[in-house]
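Some notes on the structure that comes next.
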Amino acid sequence: MKIIKNIFEFIEYRNKLSKKIALVPTMGSIHEGHLSLVDTAKQYGEIIIATIFINPMQFNSSEDYKSYPKDFDQDKEILQNKGVDILFCPSISEIYPDGFDTTIKVDFLSELLEGKYRKDHMEGVATVVTKLFNIILPDYAIFGEKDFQQLLLIKSFVKDLNVPVKIISSKTIRDKDGLALSSRNIKLNPDERNIATEINKSLIMGVEKILLGEKNSKNIIEYIKIYLSSFNLIKIEYISIRNPKNFEVINKINKEFVILIAVYVGNIRLIDNIIIEEKNG
Ligand code: PAF
């Protein structure tokens, strides 16, 4: 695996490549979820490029940024063993040199849920991903469904700005007990880790209730809220039911919907969702 830290060097190297490139952008702390993105990337690209860049612009608190898990040596080894061809891992000053003054904002998707509770987060994601696309010029880029709002945001600016990359979504990977894999999970203590499984459980309970005939979103949200509130370690930030295509709020649940949840388990913020879509929808 070739490791490149410098943008200029990367572009020189990239210019010599003529095969289809699939990109897996990450913030490191690589887990099975990222590796499944690499597996998806291999279905599309002939050359797999991963990036590791912990993007300060998408953290709304410097404490959260500083405490974000990092283990570059281990990440490097895992990605190499997984068959990644190139690892691009620029420094902060490479990506945000002095005088950097541009932000990409997707109006609707930047303001709600993740954007509302993590101020400037969505702009930070859109800006860094745009930069990575412009530097790497991938044919495909793979993003996980766990960050569903992020996935829609990226699809949205790629379409609006005619960015020549195909966005591929990849299913959420879960531990055996249902907890969605996240780099933040390693920060949970054993009690918190145990309780965190309730998030996925509550989403499944919500869908089961819908299948039993409850179509009013408010009632489903209330049902999930009551369930999750019974766990002292869980503090709910939002529960929302939306259209998985345009992210509009759904009041009366029909065939397609996504239930999105953000909670704190202890001090650790976790998000998850469950997506119900028609096959050819
Ligand atoms: O999902 C992530 O890990 C990050 O938001 C991303 C897409 C790598 C941008 O920093």
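Remember, it's a predicted structure, so these values are computed and weren't measured experimentally. Atoms within a ligand are numbered from 1 in the order they appear, just like the ligands themselves.
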(request) Please determine if N55 has a nitrogen or oxygen closer than 3.5 Å to a nitrogen or oxygen of ligand 1. (result)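 In fact, backbone or side chain, N55 has no N or O that close.
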
Which atoms from ligand 1 have a heavy atom of [X] less than 4.0 Å away?
| X | answer |
| --- | --- |
| V128 | 9 (C), 10 (O) |
| Q58 | 4 (C), 5 (O), 9 (C), 10 (O) |
| P25 | 8 (C) |

(message) I need the nearest protein heavy-atom contact for atom 1 (O) of ligand 1: residue, atom name and distance, please.
(response)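 Protein heavy atom with the smallest distance to atom 1 (O) of ligand 1: Q150 NE2, 2.8 Å.
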
(message) Under a 3.5 Å cutoff, is there a donor and acceptor pairing between the side chains of Y96 and N55?
(response)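 Yes, because at least one side-chain N or O of Y96 sits under 3.5 Å from a partner of the opposite role on N55.
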
(request) Return the orientation label for the H34 and H31 ring planes: parallel under 30°, perpendicular over 60°, tilted otherwise. (result)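 The arrangement is tilted - the two ring planes meet at 30° to 60°.
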
(message) Aromatic contact between F247 and F108, with the criterion being ring centroids under 6.0 Å apart: yes or no?
(response)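 That pair fails the under 6.0 Å test.
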
(request) Using ring pair (Phe, Tyr, Trp, His ring centres under 6.0 Å) as the criterion, list what pairs up with Y227, not counting sequence neighbours. (result)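 With neighbours one apart ignored, the set is F231.
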
(request) With heavy atoms under 4.0 Å as the rule, classify the contact between T51 and ligand 1 as side chain, backbone, both or neither. (result)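 None of T51 does.
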
(request) Tell me, please, whether Y140 has K166 positioned over its six-membered ring: NZ or CZ under 6.0 Å from the ring centre and within 45 degrees of its axis? (result)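 No.
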
